[in-house]
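Okay, structure first, notes after.
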Amino acid sequence: MLKIENLHVSVDGKEILKGLTLDVGAGEVHAIMGPNGSGKSTLAYALAGRPGYEITAGKVTFGERDLMSLAPEERAREGVFLGFQYPVEIPGVNNVYLLKAALNAARKHRGLPEVDAFEFLGLVREKMKVMHMDEAFLSRGVNEGFSGGEKKRNEVLQMLMLEPRLAILDETDSGLDIDALKVVANGVNTLRSPERSVVLVTHYQRLLDYIVPDYVHVLVRGRIARSGDKSLALELDRRGYDWISEEAA
Amino acid sequence: MAAPSPLATRIVEEHAAASDSLPAGVVSRERRRSAIDTLAVQGLPTSRDENWKYANLRPLDKVRFAPLAADASANADALSPVTLADLPPRIEGYARYTFVDGVFFPALSAPAERTGISVVSLRSDPERAKRTPPAYALREQSPSKDARFALLNEAFATDGASIRVAAGTDCPTCIELVFVANRDSQTAASYPRVELHVEAGATLGLIERHLSVGSDANFVNTAVSVDIARGASVNHYRVQQSGARAIWFDTLSAVLAQDATYRLHGVSLGGLSARSTINVQLAGERADAGIYVVSLGDRQQVQDAFVLVDHVAPRARSEQIFRGISAGRARVTFNGMVVVRKGAQGTDSQQSLRGLLAGPDAEIDVRPQLEIYTDDVRCSHGATAGKLDDNMLFYLLSRGLDPETAQRLLKWAFLEDVVAKIEVPELRRQIEHSLAGQLKDAAALKELL
């Protein structure tokens, strides 16, 4: 599904990712963990195509396509979804409008007609129920005045609407209380299927109690320093990151 | 004293030639004389005047200042090619009064009799010369040097609307004035004129539109005076959609008495060169003024606005919100000045002025200015001019929206703060369509409307 080979990424001329290699198979959930500044968010942004994240070497294949040759909107339409660590507030742009425009952009890409208005509303309502969200929020501006938890729920709602083949969730757990964490995790779990892959970027093991990963990778100074299964996350929770950093050095 | 400028000389000459045909019932001969005398000495503003440096004044060299001769415009019904189909759809509940080149045009109007509301054509109201002169003539340092275009209107006006709202009258959905400019700027000037008096405790909703039918290269010089008495409340919507080559000048002066409320919503889209000079005086305690302006410029357009909010009385409140988008080689400016006079303690004044650059050759200037002569005030202002927010843009792209749609959407959202204040749903819809059309995105944005 996603094949990252020797990826080097620089931001403002400073190299952040220094030869990252990662294989994410269809249906798999991979957790990317690591200390602050190790390059986790850079990986997420680079995969989504954020301007300013310069690929200086390496290759990323998504399905059959060279992901890095695609514009951000093309990546989205191909089925890559980035859940933002800090979702952007866009006052004046309606939530429901954005959901519809995003869904239709993906449908058009697949040669499907625009979604029927009635069908669309039914779909939104169903997904909002999963995310424990109030309908009133549909008519509000995108993330406008939302609490941290509401913003994260909104990210997952968008993901559920778009049904991406690859979801990259950048610290979707940060700033959530335990109830909100369960709702968000449940949202992600409903999306899990043999065709869909998830990359969870997280600082804490807590999220992984609710979204159980197939693989856990530890990112240190722009490279994957260690990979394992869920037990690695538990070990990190107990021992912290220092021992891996020292090993990597 | 310096000799009059060539422009001032020409104004005086054109006035002398037209003088006999200018109706004395609209503005008395004495007042016309005094206006022209002042203009002869002061001339019109130039780009060297502090508050005029962003305006495009050059086209004035080529316009004719005199309006159509009185007899010609009296026969305007028969001559004018303007038809009902040229006018925007009416808005339910609003009685319409249409003026072509500044002259009332009954055939294009749909008046209504309403208790407490009097709307008359200045020309048909010979008694009016005896009544209170308009607000800009009442100002302390009368006339303000920035009101010279109002003097030009006073010198040449051929007609206008006189609106009186009797004390206690409640008419929130009330009057629509449509000013159509029809002649070419080299044939005849158009002088729309409004004198509005709202008596104590009354409520009024007023829509004022400016558009071009026939020539799109008119010279229009509007003067509006607004007097709002104690406890009265006015919602005033102004929509400027003149033709693509029109030269459009405008002076609005409002005076608010104690506990009066004024909401001025300005939408400026049209014209090659447009300039609004707005002066709102908070003359009574606890008066409350809100000024909400949207300006869009594209191609070679100049959209210039100068707003002076003058806090004279204590404990008054004012708010200015401006959103402007400049594309092409356009220049869009908003100069918002707040003066808090000695004795205006407890003043609360806010300004939020934002400009958006939508092209490498476009220009935006937003300038908040404060002059405070008293201690106990609360004044806040924010001004920004820049491009679309990269974070917002990337967020929308990451959801699959193409860059053109994402940019349109963000421009739209940028205007929302002002557009959302329009409380007349049908007018708001019309304005949103015009904005979408001007942003060249009518089709793409239709879902939003």
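Order of the sequence lines fixes the chain letters, A, B, ..., with proteins taken first and strands second; residue numbering starts at 1 for each chain.
When the candidates A/P91, A/A71, A/A106 are compared by the number of heavy-atom contacts under 4.5 Å with chain B, A/P91 comes out ahead. Here A/E73 is the residue among A/K108, A/E73, A/R77 with the most heavy-atom pairs under 4.5 Å with chain B. The residue among A/V80, A/L98, A/L162 with the most heavy atom pairs within less than 4.5 Å of chain B is A/L98.
At a threshold of 4.0 Å, the pair B/R428-B/E416 counts as salt-bridged, since one of the basic side-chain nitrogens sits closer than that to a carboxylate oxygen. A salt bridge links A/E89 and A/K151; the closest N-O separation between the charged side-chain nitrogens and carboxylate oxygens is under 4.0 Å.
For chain B, the nearby part of A/F81 is the side chain; its heavy atoms alone come within less than 4.5 Å. For a residue to count as touching a neighbouring chain, one of its non-hydrogen atoms must lie under 4.5 Å from one of that chain's; by this rule A/R75 does not touch chain B. With a 4.5 Å cut-off on non-hydrogen atoms, A/A48 touches chain B through its backbone and its side chain both.
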Could you give the side-chain donor-acceptor pairs of residues 54-65 of chain A under 3.5 Å, partners two or more places apart or in another chain?
{"from": "A/T56", "atom 1": "OG1", "to": "A/H8", "atom 2": "O", "distance (Å)": "3.4"}
{"from": "A/R65", "atom 1": "NH1", "to": "A/E78", "atom 2": "OE2", "distance (Å)": "2.9"}

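Sorted pairs that involve residues 380-389 of chain B and meet side-chain hydrogen bond (donor to acceptor under 3.5 Å, both in side chains), not counting sequence neighbours, are lacking altogether.
Annotation: A/F137 is in aromatic contact with A/F146 [ring centroid separation under 6.0 Å].
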